[in-house]
Amino acid sequence: RVGVLMGPRPSSLSAVAAISRLGATAVMLRSGGDIAHEAHLGGVSWVIVDPEHAVQASTAVTVPCLVLGVGSEQRDLPADVVDLEAINIDAVERPSWFVPNPRKPGDMAFVMFRGSGSGTRAVEITNHRWALSATGTAQMAGLKPGDTFYAVAPLSHPSSLLVAVGGVVASGARLAFASAADPDTFWHEVRRYGATHVAYTWASLSDIAAAPPRPREEHHPIRLQIGRAS
């Protein structure tokens, strides 16, 4: 069980894919949740984070904390975290036990969370359930390779991981992550990426729906919006 606490960035997808490829289970921690409680419920042995969440994670968990996404930028990271990009991968030997993608449909793919406080509960997602969601989304939404699925929520939310990511993997469409959830950013990025489909939560959509009309709303490329209330 590997906890993942990362914002919307390419390295978050790389981390989740790598965890699956290793045959491990990604536990999708929420930045707005109780990290220590969720890590305990998820039974994590490691936590991988982006630089923005390094301090939050290192102070909340007692398991090893790994950072991915620092790149060439100079960042002040906590002393007890490991910068994965500082490791010389040419000097790392592949373990003899490693078999690429050994998992089966009934095996666990992800652990996600619902609720808050004492009501927080872990939701286990098998490989079969994820694949079913992916193919169902691609077919229902009519996704094609030329489409772009724009995800407003972070990967820790089902609308992004199960619907948006799953849909594009199954269909060959493109994936775009929102950099913020405000109406101006939404309509700017919808135009910039040519988003044909949007995965949302009601919390992210309500402000956009209630905002005054904006010029970029005219003749937008969106064909379908898919989401859930919570």
Side-chain angles (χ1 to χ4, degrees), residues 1-9 11-70 75-84 103 106-130 133 151-166 177-181 199-207 227-230:
R1 298 288 183 93
V2 182
V4 178
L5 181 61
M6 305 181 77
R9 55 196 300 152
S11 55
S12 64
L13 285 174
S14 300
V16 171
I19 291 168
S20 177
R21 188 71 167 167
L22 286 167
T25 300
V27 179
M28 308 304 296
L29 304 173
R30 301 176 295 181
S31 61
D34 185 335
I35 303 303
H37 185 45
E38 292 183 0
H40 173 72
L41 288 177
V44 303
S45 302
W46 304 78
V47 173
I48 184 169
V49 301
D50 54 23
E52 290 76 13
H53 292 95
V55 174
Q56 181 184 12
S58 67
T59 56
V61 301
T62 56
V63 298
C65 186
L66 314 174
V67 180
L68 182 64
V70 175
R75 295 183 185 270
D76 293 326
L77 297 175
D80 57 344
V81 305
V82 177
D83 182 1
L84 290 177
R103 315 226 67 180
D107 291 336
M108 203 63 56
F110 312 109
V111 175
M112 311 188 83
F113 297 95
R114 298 189 65 179
S116 60
S118 60
T120 301
R121 66 184 183 91
V123 180
E124 297 182 337
I125 309 294
T126 62
N127 287 321
H128 176 264
R129 182 178 174 185
W130 184 83
S133 176
V152 178
L155 270 184
S156 57
H157 195 282
S159 71
S160 286
L161 187 56
L162 272 64
V163 176
V165 175
F177 278 121
S179 59
Y200 69 89
T201 67
W202 176 243
S204 64
L205 184 66
S206 58
D207 290 342
R228 54 183 290 171
S230 61

With a 4.5 Å cut-off on side-chain heavy atoms, are [Y] and [X] touching?
X: Asp107; Y: Thr126; value: no
X: Phe110; Y: Val16; value: yes
X: Val2; Y: Val27; value: no
X: Met28; Y: Val111; value: no
X: Val81; Y: Asp83; value: no
X: Leu155; Y: Ser12; value: yes
X: Met112; Y: Leu161; value: yes
X: Thr201; Y: His157; value: yes

Handout entry: Basic-acidic side-chain contact under 4.0 Å: Glu38, Arg114
Key = no

Practice task
Only one of Leu77, Asp80, Val49 passes side-chain contact (heavy atoms from CB on, under 4.5 Å) with Ser58; say which it is.
Solution key: Asp80

When you measure from the side chain of [X] to the backbone of [Y], do you find a donor-acceptor pair of N or O atoms at a distance under 3.5 Å?
X: Asp50; Y: His53; answer: yes
X: Thr59; Y: Gln56; answer: yes
X: Arg1; Y: Gly43; answer: no
X: Ser160; Y: Ala153; answer: yes

Looking only at heavy atoms, which two atoms of [X] and [Y] are closest? And how far apart?
X: Phe113; Y: Arg30; result: O-NH1, 3.6 Å
X: Ile48; Y: Ala15; result: CD1-CB, 4.0 Å
X: Val67; Y: Pro51; result: CG1-N, 3.9 Å
X: Leu29; Y: Ala39; result: CD2-N, 3.8 Å
X: Leu68; Y: Met6; result: O-CE, 3.7 Å
X: Ala57; Y: Val47; result: CB-CG1, 4.4 Å

Completion exercise
Value for CD1 (Ile19) from OG1 (Thr25), rounded to nearest 0.5 Å, stands at 9.0 Å

Practice task
Take Phe177 and Val152, measure what side-chain contact (heavy atoms from CB on, under 4.5 Å) needs, and give me the verdict at the end.
Solution key: CA-CA 6 Å; Phe177 278 121; Val152 178; over 6 Å; no

Problem - side-chain contact (heavy atoms from CB on, under 4.5 Å) evaluation trace for Val165 with Leu13 - result: CA-CA 9 Å; Val165 175; Leu13 285 174; 3.9 Å; yes

